[in-house]
Amino acid sequence: MSIPSWRDWLFSVKAFIAAIMALFIALSLDLPRPYWAMAAVYVVANPLAGATSSKGLYRALGTLIGATASVILVPLFVNAPELLSVVVALWTGTLLFISMLDRTSRSYVFMLAGYSLPLIALPTVGAPETVFDVALSRSEEIIIGIVCASIVSAIVFPSSVGTTLGQRIGSWLDDAGTWADEILRGEGASPATPLKRQKLASDVTGLDLVISQLKYDAGSRDIVRHSRELRGRLLMLLPLFSSLADRLHALKAGEKPLPQELVAVLNDVADWLGQGGRGKADDTANILSKKIEELQQNDIDLGWDDLVRSSALDRLKEIVDLWQDCLTLRDQIVSGQQVGTWRPAFRHRNVVGHIRHFDYALLAFSASAVVVGIAVACVFWIYSGWQDGAGFVTMAAVACSFFAALDRPAPFITSMFVWCAVSLIIASVYIFGVLPSISGFEMLVLVFAPPFLVMGLLIPRPQTNMLAMLLAVNGATFIALQDRYTADFGAFANSAVAALAGVGFALVWTLLTRPFGAEFAAWRLVRAGWTDLAETAAGIRRADHERLSGRILDRLGQLVPRLASIEDRELKKVDGYADVRLGFNVLMLQKERGQLKPAASASVSEVLIGVSDFYRSRLKAKRAVDPSDDLRVSIDRSLEAVARERRHAGRASLDALVGLRRALFPHAEPPASWRPPVSDTTQPLSIAAE
């Protein structure tokens, strides 16, 4: 582990100051549980001011919703404990399901509202007349902690979300530029996209959380629109890189060497893209675009290689335009610039839509497992008559909810159990060893400083964030500091056993109900993609490019992290970018076939039926079977039929068929009886086909 930086120390000190402020205010107001205010600070604390504000707002909303539900539901069902248990379980699970459908920071509202009900309601079932007071005090104390954390984060050396976003964009451009350089210079030109390059899609979808926090950052509110535009263009670059790599591979595999003028342009573009995040949005894009256009004008459709070369040039020009847009938007984001007339200046408008894929069945199963788990825990509490059973059920609900969205929650719940035990040990030392020997708030601050400052150092680090937050929050909660010292070892021991038993129950329940892991979820993602492409080819989904590419690339963003943790050879063969290219080509054929002559239109329809049948065969076999040779022959026949067209529709369909053939049969020989197109050679190939 690296030595903490000054930024880590600054964050830790800020979080501790906010926590002490919240504790002091709660004690001064004589609130019943002032430690909740202190714990709330560490729940929402984040090195970025905007992230702290957004999570604080969402925690306040979630707490208020859960508190309101408690005040309404407890009096209604207090005389029917079994029914109340079912209501609590359904409430928690339903809101958990909703939270998993929202991948922004806003999802915290629903998850917190879900498990706030058992936190507030269950301890009051023995005295239902106190539920309003408990709900009110918890809301007050948590809001005090949130306000203190937000104020300190915003005033004391605030860190901007926009600055962090700019750094991540620069890093992404560096990685993408390296890949582009490899493709353009030849060593990265291949029909299949390496897994490490597919990870770029996951990195872009990971920006969603940061972008969702921009509007809560005072210095970054003006760049939210820029960031969303940039996200779509970053994702659009990926299938274009993949397509260009495929076309260059096909050209290099031919008998003829690449023309020197094409090699020169490829090297010029490689020099520019290879700069990555260091590149500047200057006139380079205009110069490169003119060179590419000159090659396109001189390109004559004489045969298969010429058509592939024209397609490569078209992809290259799109990449130049998109890269220029990305650099321009990057500069505006970093500078925080808001320009009212910036939209018409974009060079490329066809971008990936903000469409997401959700595995509703798997998410519903995860939420249902939490519902049943809470209900079982409640039944055990009711029929055992355990005095501290409310704490047992509460901790089970929190542990199950926190990690429900993960493929394998058990290892994380195990960590939670371990660090919960460590927190209890620390709390016991303070309650029975340290606090009895001190007096005054100043001494309290001094004795709290060492452990909480150390915990604060670990929160900014992704690998230790969860354990540090658990230590800080549970430590503050288990110490249960009041305005005067009271310690009861029996009560502390009972609550400790209840907390550990609750987390332990969540672990056992998760192992029983969630035995599958990342491989199961990955295969479901792959099969969802096959279904999407089969339906698109069959004409069931006539969505536009943005929606289709958005779904496929979002699935790829979810799939890549899972592939890194499994050893399934079939899954590792998946090339999500090839699926995006194939989907684009299918959509282009669906769009253009109505403008073709009857014979050509019929041949295209035969191809689309073949593509749909191919993906349905994969779904039936539940594995990645190869396309049949009959489909390749069908594509070749359609190429010849469409080549006879003398209209622009024929050119667009030809380009789509070439892309389709390359996506499905990247290693096949060129069509044996290729008849070159004789249509207007001055028309550039359609930019929609990949």
*What is the ring orientation for Phe241 with Trp323, classed by angle as parallel under 30°, tilted 30 to 60°, or perpendicular over 60°?*
tilted
*Candidate pair Ile223 and Gln332, rule side-chain contact (heavy atoms from CB on, under 4.5 Å), full reasoning*: CA-CA 8 Å; Ile223 61 173; Gln332 292 174 349; 6.0 Å; no
*Parallel under 30°, tilted from 30 to 60°, perpendicular over 60°: which one fits the rings of Phe505 and Trp509?*
parallel
*Find out whether the Lys NZ or Arg CZ of Lys14 is both under 6.0 angstrom from the six-membered ring centre of Phe157 and within 45° of the ring's axis.*
no
*Answer yes or no: is there a donor N or O on one side and an acceptor on the other, between the side chain of Trp91 and the main chain of Ala113, under 3.5 Å?*
yes
*Please confirm whether the backbone N or O of Gly391 pairs with a side-chain atom of Thr394, one donor and one acceptor, at under 3.5 Å?*
no
*Can you establish whether the number of heavy atoms outside Arg228 located under 6.0 Å from its atom CZ is more than 12?*
no
*Do Ile169 and Leu173 have side chains that get closer than 4.5 Å, going by heavy atoms?*
yes
*Centroid-centroid under 6.0 Å between Phe16 and Phe448 rings*: no
*Any donor-acceptor N/O pair, Tyr577 side chain to Arg197 backbone, under 3.5 Å*: yes
_Between Ile426 and Val422, is the side-chain contact (heavy atoms from CB on, under 4.5 Å) condition met? List the steps._
CA-CA 6 Å; Ile426 295 173; Val422 173; 4.1 Å; yes
*asked:* Determine whether a donor-acceptor pair (N or O, by modelled atom type, separation under 3.5 Å) exists between the side chain of Ser53 and the backbone of Ala49.
replied: yes
*Can Arg106 and Tyr58 be counted as having a side-chain donor-acceptor contact under 3.5 angstrom?*
no
*Would you please name every residue forming a ring-ring contact (aromatic ring centres under 6.0 Å, His included) with Phe365, sequence neighbours left out?*
Phe516
*Keeping the roles fixed (side chain from Ser153, backbone from Ser150), state whether a donor-acceptor pair exists under 3.5 Å.*
no
*N/O donor-acceptor pair under 3.5 Å between Arg514 side chain and Leu406 backbone*: yes
*Side chains of Ile98 and Leu95: does their closest heavy-atom pair fall under 4.5 Å?*
yes
*asked:* Check whether Ser415 reaches the backbone of Pro411 with its side chain - one donor and one acceptor, N or O, closer than 3.5 Å.
replied: yes
*Mark yes when over 12 heavy atoms from residues, nucleotides or ligands other than Arg103 sit less than 6.0 Å from its CZ; otherwise mark no.*
yes
*If you measure from the Lys or Arg side-chain nitrogens to the Asp or Glu carboxylate oxygens, is any gap between Asp8 and Arg461 under 4.0 Å?*
yes
*So which of Asn46, Thr464, Asn465 actually passes side chain to side chain contact (heavy atoms under 4.5 Å, CB included) with Ile459?*
Asn465
*asked:* If you count every heavy atom of other residues, nucleotides or ligands that lies below 6.0 Å from Phe24 atom CZ, does the total exceed 12?
replied: no
*Mind checking the CE-OG spacing from Met111 to Ser116? Nearest 0.5 Å is all I need.*
10.0 Å
*Side chains of Cys326 and Leu230: does their closest heavy-atom pair fall under 4.5 Å?*
yes
*Minimum heavy-atom separation for Val393 to Ala377, with atom names?*
CG2-O, 3.7 Å
*Donor-acceptor contact present, side-chain Ser242 to main-chain Leu238, <3.5 Å*: no
*Check whether any side-chain N or O of Thr92 sits under 3.5 Å from a backbone N or O of Gly114 as a donor-acceptor pair, and report yes or no.*
yes
